[in-house]
Amino acid sequence: MIAQLQGQVSRYSDEIVILDVGGVGYEVYVSNYTYDSTVGHKSAKLYIHTHVREDVIQLFGFASRAEKELFLSLVKVNGIGPKVAMKILSGAPMHSIVQMIDDGDVRGLSQLPKVGKKTAEQIILELKGKLVLENSELGAGGFAARSDIISALVNLGFKLSEVEKTVDKMDPSTDFNEGVKMGLTSLSNC
């Protein structure tokens, strides 16, 4: 399986980037977020999900690990394939999608492309409270220990949305142990 590609961006279209890696052009399906992060750049590094069916092999590319993790969570939901997951990722920022899932916001999810009420309910049923994405690009803040602090606090039973708000207020130099202590103090007082 192909997990990552880095090369020259040779062509764009609405949902596809052609990535030239050592003279081989890979057709990679991308979300609007990834498309926007590659447009105008001569080269790009994409995290890849290789989707294999009996009649086709497709590559789906992501500018961040967080986006790939969210995609992989979405395709595990009954009735959502990789192309629908990409449409969902193109419909709103990642943190908004996670927030809607965590809040059980059926109406908000239903407004995303290719998502009806039943699909939104299914996404919430299967993913609510289960999304802990590793990459700091998901949220507004970003520092080395951020994802570990978030993961630890969510595993202690706090809601992802509350944890992210708390961690985003922390100084970027905060280390893991200090961040977990600060998070526990702050979240316990809510």
Side-chain angles (χ1 to χ4, degrees), residues 1-51 56-77 80-103 105 107-116 119-120 123-124 127 130-144 146-147 150-151 160-161 163-165 167-168 172:
M1 294 294 209
I2 298 170
Q4 177 179 305
L5 289 172
Q6 185 168 354
Q8 293 183 311
V9 180
S10 64
R11 199 173 57 174
Y12 301 101
S13 71
D14 288 344
E15 301 172 337
I16 296 172
V17 170
I18 305 295
L19 203 58
D20 185 329
V21 181
V24 178
Y26 292 92
E27 182 179 81
V28 183
Y29 290 88
V30 295
S31 68
N32 289 345
Y33 169 79
T34 296
Y35 179 83
D36 291 344
S37 71
T38 59
V39 169
H41 292 81
K42 292 182 181 178
S43 65
K45 174 182 171 183
L46 298 178
Y47 299 95
I48 301 294
H49 168 71
T50 307
H51 181 72
V56 69
I57 296 175
Q58 296 171 315
L59 301 178
F60 294 86
F62 311 93
S64 70
R65 285 190 180 112
E67 186 184 24
K68 182 178 178 181
E69 291 170 25
L70 182 53
F71 169 86
L72 292 174
S73 295
L74 288 169
V75 296
K76 288 178 185 172
V77 174
I80 296 182
K83 288 198 174 179
V84 171
M86 288 305 254
K87 292 285 188 191
I88 293 170
L89 290 175
S90 292
M94 290 181 288
H95 67 277
S96 296
I97 295 169
V98 172
Q99 187 70 50
M100 285 186 271
I101 293 168
D102 200 43
D103 290 347
D105 185 357
R107 186 169 171 253
L109 285 172
S110 298
Q111 294 176 3
L112 296 174
K114 303 285 185 185
V115 179
T119 303
I123 290 170
I124 292 167
L127 299 180
K130 297 178 184 173
L131 293 174
V132 180
L133 306 180
E134 291 182 19
N135 198 309
S136 63
E137 293 173 42
L138 177 66
F143 54 93
R146 182 181 190 277
S147 61
I150 290 172
S151 180
L160 177 62
S161 58
V163 169
E164 285 182 329
K165 288 176 190 173
V167 174
D168 285 343

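Here the structure is a predicted model, which means the values were calculated and not measured.
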Of all the heavy-atom pairs spanning [X] and [Y], show the shortest one and how long it is.
{"X": "Y33", "Y": "A63", "value": "CE2-CB, 4.0 Å"}
{"X": "L19", "Y": "L5", "value": "CD2-CB, 3.6 Å"}
{"X": "S90", "Y": "N32", "value": "OG-N, 2.9 Å"}
{"X": "E27", "Y": "I16", "value": "CG-CG2, 3.4 Å"}
{"X": "L74", "Y": "A85", "value": "CB-CB, 4.0 Å"}
{"X": "G61", "Y": "V30", "value": "O-CG1, 3.8 Å"}

Let me have the donor-acceptor pairs involving side chains of residues 107-114, under 3.5 Å, with sequence neighbours excluded, atom names and distances please.
{"from": "S110", "atom 1": "OG", "to": "V106", "atom 2": "O", "distance (Å)": "2.7"}

Can you tell me how far [atom2] of [Y] sits from [atom1] of [X], rounded to the nearest 0.5 angstrom?
{"X": "L70", "Y": "K68", "atom1": "CG", "atom2": "NZ", "answer": "13.5 Å"}
{"X": "I101", "Y": "L127", "atom1": "CD1", "atom2": "CG", "answer": "5.0 Å"}
{"X": "S73", "Y": "I97", "atom1": "OG", "atom2": "CD1", "answer": "11.5 Å"}
{"X": "Y29", "Y": "K83", "atom1": "OH", "atom2": "NZ", "answer": "3.5 Å"}
{"X": "I88", "Y": "S31", "atom1": "CD1", "atom2": "OG", "answer": "12.0 Å"}

- Task: Check whether more than 12 heavy atoms from other residues, nucleotides or ligands sit under 6.0 Å from atom CD of Q8, and answer yes or no.
- Result: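 No, not enclosed.
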Determine whether [X] and [Y] make a side-chain contact, defined as any pair of heavy atoms from C-beta on separated by less than 4.5 Å.
{"X": "L46", "Y": "V28", "answer": "yes"}
{"X": "F62", "Y": "L89", "answer": "yes"}
{"X": "Y26", "Y": "D20", "answer": "no"}

- Hey, can you tell me if H49 and F60 have their rings parallel, tilted or perpendicular (30° and 60° cut-offs)?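 If you compare the ring of H49 with that of F60, the planes turn out tilted.
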- Given the rule in the side chain to side chain donor-acceptor pair (under 3.5 Å) test, do E67 and T34 qualify, once you have shown the distances and angles that lead to the verdict? CA-CA 9 Å; E67 186 184 24; T34 296; 2.5 Å; yes
- Going through the checks in order, is the side chain to side chain contact (heavy atoms under 4.5 Å, CB included) test met by E69 and S64? CA-CA 9 Å; E69 291 170 25; S64 70; over 6 Å; no
- Item | Residues in side-chain hydrogen bond (donor to acceptor under 3.5 Å, both in side chains) contact with E15, at least two apart in sequence or another chain |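 Residues passing side-chain hydrogen bond (donor to acceptor under 3.5 Å, both in side chains) with E15: K87.
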